[in-house]
Amino acid sequence: MKIRFGYVAMSVELKNASPSKTITVKSYSRLADRDPGAALDKVRRVASENLDNTMRLLRHNKASGVEVYRFSSKIMPLATHPLLSEWDYINDLSEKFLLIGNFVKKNNFRVTFHPDHYTLINSPREEVLRSSLIDLEHHCRILEAMGLSSRAKLVTHVGGGYGDKTGSMERFLINWRLVPSNITGRLSLENDDKTFTAVEVLSICKILSIPMVFDIHHFNCNNEGEKIEIILPLIFTTWEGSGLPPKVHISSPRSKEDFRSHHDFVNADDLYPFLKQARELNRDIDVMVEAKKKDLAMFKLVKELAGYPMITQKGNSTLLFN
DNA sequence: ACCTGTCAAGTCTGG
DNA sequence: CCAGACTTGACAGGT
């Protein structure tokens, strides 16, 4: 069994390479009042730098053998803000999008976006649903501009509970019909730490025939005593036909008191039992490390796990479990 | 150079 | 009904 590791958005090792630089609405408006052209130029410049830094990160990944990476959702500053509705960032930056996409394809990287938690497909409020669809479309269009197939996924949560979880799950399914097919073809769902458990998310994924990302830490925060060995085979099945190995998120609690927050690093003991379970199913998997120390935490975790029974390290960010 | 309050967005809780 | 927490990196304005 092969286990590839990846990290989120920015690197601790590669300096001054933020892919998430932005401009506040306040300063944009102030500049736009005086000189609209200059304001747009500034946004363009920041967006362009974010793409350049994303490219640098991908080269850093290649040099370090990292094949799994999540793009920053803040890669295009204010892109979906009404103030910038005229800005055609896709055409504006098409060359840089293609450069990134070609590099991803050439090196067989697995890349994703994780639209942030304001994106809520199951919201009962029409305007929230509408802006969520705009945000999802925005992420999709970027992946399309990169020339990446639907194997480049969007990962999101089911949404809010709104005081009625069953009704909110049903509303997710109802609202799903309003989601355009280029988006539904890329979406995968992840269990969250407060509201929707792995079993609940799995039931939705099965109905919609979409893949499910299993977040181990969220499972530890939010479960009803289900056994991993029972649900894991079912979760892994949702990836069949996608052309991708199942995807798993791992992080460790910051502390006993602050259990839900993410620690700087990942405790290898929080992942190893899971890997042993996964090994029973004999499937390759990709593991996304969600720790404050980003790639540094990922490399450290891989190195530590390499010392565990039956595991051998292959490069800086891949393990073999035999 | 460094520090601190603030930031587009939604939801939930507690007052 | 409203303020603040949630969570995060980075801006923006101050020293």
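In the text below, chain A, chain B and the rest are named by the order of the sequence lines, each starting its count at 1.
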[X] to [Y] six-membered ring, cation-pi geometry met (6.0 Å, 45°):
X        : Y        : answer
A:Arg4   : A:Phe109 : no
A:Lys294 : A:Tyr7   : no
A:Arg59  : A:Phe103 : yes

Legend entry - Atom pair OH (A:Tyr28) and CG (A:Leu40), whose distance is rounded to the nearest 0.5 Å: 5.5 Å

Inset, instruction - Could you tell me the separation between the CD atom of A:Glu144 and the OG atom of A:Ser149, rounded to the nearest 0.5 Å? - result: 11.0 Å

Inset, instruction - Shoot me the first and last contacting nucleotide of DNA chain B against chain A, ordered 5' to 3', at under 4.0 angstrom to non-hydrogen atoms. - result: B:dA8 to B:dC12

Legend entry - Lys/Arg N to Asp/Glu carboxylate O, A:Glu127 vs A:Arg125, below 4.0 Å: yes

Legend entry - Per-nucleotide protein contact string for nucleotides 10-15 of chain C (B base, S sugar-phosphate only, - none; heavy atom under 4.0 Å): SSSS--

Legend entry - Watson-Crick or G-U pairs under 3.5 Å in DNA chain B, rendered as dot-bracket with [ ] for crossing pairs and | for another strand: |||||||..||||||

Legend entry - P-based separation of B:dA9 from C:dA12 [nearest Å]: 16 Å

Inset, instruction - Determine yes or no for a side-chain-to-main-chain donor-acceptor pair under 3.5 angstrom, with A:Asn50 supplying the side chain and A:Ile75 the backbone. - result: yes

Inset, instruction - Ignoring hydrogens and angles, tell me if any N or O in the side chain of A:Asp258 forms a donor-acceptor pair with the backbone of A:Arg254 under 3.5 Å. - result: no

Inset, instruction - Identify the residue among A:Glu49, A:Arg45, A:Lys74 that makes a side-chain contact (heavy atoms from CB on, under 4.5 Å) with A:Lys21. - result: A:Glu49

